[in-house]
Amino acid sequence: MSTMVKAERVCKSYGSVEVLKGIDLEVNSGEVFCIVGPSGSGKSTFLRCINHLEKINAGRLYVDGTLVGYREKGGKLYELRDREVAAQRRDIGMVFQRFNLFPHMTAVENVMEAPVQVKRVPKAEARKRAGELLDRVGLADKRDNYPAQLSGGQQQRVAIARALAMDPKLMLFDEPTSALDPELVGEVLDVMKALAQDGMTMIVVTHEMGFAREVGDSLVFMDGGVVVESGNPRDVLTDPQHERTKLFLSKVL
Ligand SMILES: Nc1ncnc2c1ncn2[C@@H]1O[C@H](COP(=O)(O)OP(=O)(O)O)[C@@H](O)[C@H]1O
Ligand SMILES: [Mg+2]
């Protein structure tokens, strides 16, 4: 099995505040890798490092065998140019808690925007593909609606389709259902589950332990910028080995 993401002693500080204190982990291709942990533990920061929205201060981070943000030559690291970083980021889809759709564009226009602007895909072709992706997330009938005319769950599904439009090899989800009304959570998780079944490699920061247990292949519990515990989600969730994990789970389960 090939490795999609490899983190080696990844450290990240903001000024004097150390947020990631040496993260080691490995995400296999095709797996659903869940990250759970209390607020402030560094989960979002870690995701942002993976697509180089943040620079790491120490350690190494690889996506699909390639160093993120740097080139290594003769034991030295050289920063990539903006254009090269952008090219790396293009292969990684990201879905946030807030959907961040363009409000003045319809669903289909939101989904076709990046392929047209970034990849120079002809508009007709991008529109056709966007329609197919909206169909895949169950929104074929909403393609001409504006975000304001969609529920939160529908907007989040458009956001997922938009990320998929760039044909990512890796999808990062940062608490994709946290901002949703409870009755809308299921429809988004169902789309993510279908994506997982299609073989997408996914890193999912979530508080949805049911999803982690059912769909997750691996799970790490983070606290205070370190990985406290990791393993099969069912094992970690039912039989946590560390006090901090037990305490956290007692609050969220
Ligand atoms: N841009 C930033 N500047 C300074 N501190 C930050 C910044 N982003 C995050 N932090 C701090 O880093 C810590 C981890 O944040 P975050 O990665 O968002 O945690 P989580 O996603 O697990 O809630 C928090 O203490 C937060 O205040
Ligand atoms: Mg966060």
Side-chain angles (χ1 to χ4, degrees), residues 4-5 29 44-55 61-71 79-177 179-180 188 191-192 194-195 198-205:
M4 182 55 80
V5 177
S29 293
S44 296
T45 301
F46 182 64
L47 288 192
R48 291 168 59 78
C49 289
I50 292 176
N51 63 0
H52 209 56
L53 292 169
E54 300 287 353
K55 277 185 193 157
L61 199 44
Y62 300 88
V63 173
D64 205 13
T66 304
L67 202 53
V68 175
Y70 300 90
R71 181 178 295 113
E79 264 186 56
L80 296 183
R81 298 162 204 272
D82 289 349
R83 194 159 41 82
E84 296 169 307
V85 171
Q88 285 189 338
R89 202 175 284 148
R90 213 167 288 164
D91 290 336
I92 304 174
M94 186 142 186
V95 176
F96 304 90
Q97 188 172 338
R98 296 259 159 224
F99 335 115
N100 308 116
L101 296 176
F102 298 115
H104 60 289
M105 293 183 186
T106 63
V108 79
E109 287 166 353
N110 265 282
V111 176
M112 61 190 277
E113 178 69 5
V116 169
Q117 296 301 330
V118 181
K119 284 191 173 171
R120 304 285 165 207
V121 175
K123 274 195 174 167
E125 186 185 328
R127 187 177 292 274
K128 181 165 175 289
R129 177 89 203 295
E132 291 162 5
L133 288 166
L134 286 171
D135 189 25
R136 188 166 163 197
V137 299
L139 292 174
D141 56 331
K142 302 288 183 195
R143 51 179 292 146
D144 296 321
N145 287 47
Y146 287 90
Q149 301 168 319
L150 300 172
S151 73
Q154 290 168 339
Q155 289 183 56
Q156 193 61 304
R157 287 187 279 150
V158 174
I160 293 172
R162 182 178 58 175
L164 293 175
M166 292 295 280
D167 294 314
K169 55 188 175 192
L170 168 68
M171 286 280 284
L172 309 176
F173 291 88
D174 194 356
E175 299 194 33
T177 60
L180 298 177
V188 173
V191 165
M192 291 168 61
L195 202 52
D198 288 344
M200 179 62 76
T201 310
M202 301 163 52
I203 303 181
V204 185
V205 173

Enter the distance from [X]:[atom1] to [Y]:[atom2] here, rounded to the nearest 0.5 Å.
X	Y	atom1	atom2	result
L180	Q155	CG	CD	9.5 Å
N51	R90	CG	CZ	13.0 Å
M171	I203	CE	CD1	11.5 Å
M94	L47	CE	CG	5.0 Å

Between [X] and [Y] (side chain of the first, backbone of the second, donor and acceptor by atom type, cut-off under 3.5 Å), is there such a pair?
X	Y	value
N110	F102	yes
D91	K169	no
Q88	L67	yes
Q156	F96	yes
T106	E109	yes

Do [X] and [Y] have side chains that approach each other closer than 4.5 Å (heavy atoms only, starting at C-beta)?
X	Y	result
R89	L53	yes
F173	L195	yes
R143	R127	yes
I50	L170	yes
Q97	D174	no

Minimal non-hydrogen separation, [X] against [Y], with atom names:
X	Y	result
M105	P147	O-CD, 3.1 Å
M192	M202	O-CE, 3.5 Å
D141	N145	O-OD1, 4.3 Å
L80	R71	CD2-NH2, 3.7 Å
P176	V95	CB-CG1, 4.3 Å
D135	A140	OD1-CB, 3.7 Å

Exercise for the section: May I have the step-by-step check of side-chain contact (heavy atoms from CB on, under 4.5 Å) for K142 and L134, ending in yes or no? Expected result: CA-CA 8 Å; K142 302 288 183 195; L134 286 171; over 6 Å; no
Handout entry: Those residues that, when tested against Y70, pass ring-ring contact (aromatic ring centres under 6.0 Å, His included) (two or more places apart)
Key =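 Listed in chain order: H52.
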Handout entry: Other residues, nucleotides, ligands: >12 heavy atoms within 6.0 Å of D82 CG
Key =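 Incorrect, the count does not exceed 12.
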Practice task
Count the heavy atoms of every other residue, nucleotide or ligand shown that sit under 6.0 Å from NZ of K119, and state whether that count exceeds 12.
Solution key: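 More than 12 within 6.0 Å, yes.
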Practice task
Go through the steps for E132 and K128 under the test salt bridge (Lys or Arg N to Asp or Glu O under 4.0 Å), then give the verdict.
Solution key: CA-CA 6 Å; E132 291 162 5; K128 181 165 175 289; 3.3 Å; yes
Exercise for the section: Please say which of Q117, E125, K123 ends up in a side-chain contact (heavy atoms from CB on, under 4.5 Å) with V121. Expected result: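 Exactly one candidate clears the test, E125.
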For residues 158-168, run the donor-acceptor check on the side chains, cut-off 3.5 Å, and write out each pair with its distance to 0.1 Å, sequence neighbours left out.
unit_1	atom_1	unit_2	atom_2	d
R162	NH1	N100	O	3.0
R162	NH2	F99	O	3.0
R162	NH2	N100	O	3.3
D167	OD1	R129	NH1	3.3
D167	OD1	R129	NH2	3.2

